[in-house]
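When a ligand or atom number is given, it counts from 1 through the structure's own listing order.
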Amino acid sequence: DGRVTAVGGAEILDLRGPRTEVVDLDGRCLMPGFVEAHAHPTQDQMLYSDTVIDIRPVTTCRTAEDVHTTVERALAAAPSGEPVLFYGLDLLLQRGFPEPNRARLDELGPDRAIVVWQNSGHLAWANSAALTGAGVRSDTPDPVGGSFERDEHGLLTGRVYEAPAVSAVVAPILGAELGTPDLLARRHADLAARGITLCSDMAFSDQLRPVTAALYQQGRAKVRMRVYEMSTADGLTYCPLDNGDDMFRQIGIKLWVDGSPWVGNIDTSFPYLNTAATAALGLGHDHRGQANYTADELHSIVRAYFPLGWQMACHVHGDRGADTILDVYERVLTTFPRPDHRLRLEHCGAMTPEQFRRAAELGVTCSLFVDHLYYWGDVLVDDLFGPEHGAHWMRAKSAVDTGMRISFHNDSPVTEEEPLRNMAVAMSRTSRTGRVLAPEECVTIDQAIRAQTVDAAYQLFADHLTGSITPGKYADLVVLEQDPCAVSPGELPDVGVCATYLGGVPTFTA
Ligand SMILES: [Zn+2]
């Protein structure tokens with residue numbers, strides 16, 4: 001029935017029944033299927049649609065030149081007047097690409113809506129047609145937690161910050177392409193090919209419920225999903241706490257303290273460096289980011305959902321922001337104590353060892369975006385924060401040393417789904433150019449495996465079902481070409497996935 005019956009050596013062959021099939025792994029490695037604790041599969045699906053052009057630095061466009069070529073080609077190919085959405089620009093990695101402000105985008109396409117979505121998702125640039133099409137005018141009020149930037153004359157610059165505002169300019173372009181069972185099925189197949197059996201969705205919305213429900217009803221789902229609905233200012237959800245099944249369930253609510261280090265809006269106690277790169281981002285002298293919500297706003301969000309029984313998962317990068325949300329969590333836990341709440345913090349870039357200790361004492365569990373060190377490791381030290389704050393980004397060892405169960409994630413579509421690369425990065429803290437950042441924060445292979453399997457499942461309230469090869473749990477498995485414990489961290493990302501099983505059923509075969 002899709003569950004593990006027994007685990008052991010040759011003696012378990014005695015348990016063979018008449019229909020038992022014996023599979024010789026022939027030197028390959030059987031592991032629990034990988035768990036992605038923080039991703040956006042319902043958002044990823046748009047990348048499979050024709051309306052969206054992928055310009056991510058981690059996939060198609062490594063350089064500014066690649067972006068130029070892709071943008072020109074896409075605009076020439078799109079039917080006149082049709083809107084175009086580019087996803088994945090990063091001015092720090094695609095160095096030299098000019099900021100696509102409203103005037104530049106108007107030049108590129110005066111007669112069509114064009115939106116360029118920054119790779120982190122926290123910023124988008126829109127042209128005049130896109131702003132008009134979205135009904136955004138210079139006197140449109142900012143939504144809570146987001147903003148339409150205006151210049152000193154009160155005119156829209158085209159910069160649009162954070163999900164509540166970004167979705168306003170993106171949604172009219174995506175239209176029906178926002179999600180379909182076919183697009184989501186392609187995303188599921190890709191996740192299975194990467195060895196993943198359980199995946200979160202950290203920006204789920206009511207709008208996407210029919211699409212995901214259809215995928216599971218049609219039997220086309222290839223991963224279990226645990227979803228977090230985006231919090232809203234009114235503190236409402238139409239999903240009952242008791243919902244779903246072992247395949248799909250809404251377990252919590254997502255909220256945000258601050259934004260992205262690559263955009264300049266994370267809530268830190270220390271300033272950004274004054275470098276050519278920070279100037280190109282449009283950050284002023286000794287720039288310091290701000291939170292997107294006040295402590296009172298965050299408290300009213302957590303206060304609205306947590307007492308109902310929901311788990312909360314909060315995006316935070318800056319150390320000042322971490323203090324704010326830990327204060328909020330402590331306050332609600334004092335008023336509404338719950339023995340097994342598993343309150344979460346997401347990404348945790350600049351969190352300090354003391355903050356991890358405080359989080360652990362509160363029973364808060366952290367999911368770390370360690371892949372930042374690989375792609376942005378050099379940028380963090382040289383361009384943004386210097387050796388002290390930059391090199392100590394994502395202190396994974398400080399976190400596990402508190403006794404906390406942590407996970408690693410790719411936050412796809414920000415980086416590609418690569419659990420083995422995450423493990424390698426957390427073990428070696430080595431950037432793309434080979435630079436090692438604060439080696440004292442490296443974790444062991446065993447800690448890395450837990451963070452991509454059973455401890456990630458724990459954060460998703462699914463460790464009683466999956467995440468380890470244990471009698472009674474589902475046979476959610478991955479077969480790797482080699483044993484991750486037998487290769488160096490440098491070789492680990494290239495170990496191939498041979499097969500993936502969900503509840504004993506193959507979801508991918510190489
Ligand atoms: Zn995310």
Check whether any N, O or S atom of His347 sits under 2.8 Å from the Zn ion (ligand 1). no

Measure from the Zn ion (ligand 1) to each N, O or S atom of His315 and report whether any distance is below 2.8 Å. no

Heavy-atom donor-acceptor pair, Arg338 side chain to Phe306 backbone, under 3.5 Å: yes

Given the side-chain rings of Phe248 and Tyr216, with only the six-membered ring counted for Trp, is the space between their centroids under 6.0 Å? yes

Side-chain (Thr268) to main-chain (Phe270) donor-acceptor, under 3.5 angstrom: yes

For the Zn ion (ligand 1), find the closest N/O/S atom on Asp411 and give its atom name. OD1

Could you tell me whether Arg224 sits above the aromatic face of Tyr474, with NZ or CZ closer than 6.0 angstrom to the six-membered ring centre and within 45 degrees of the axis? yes

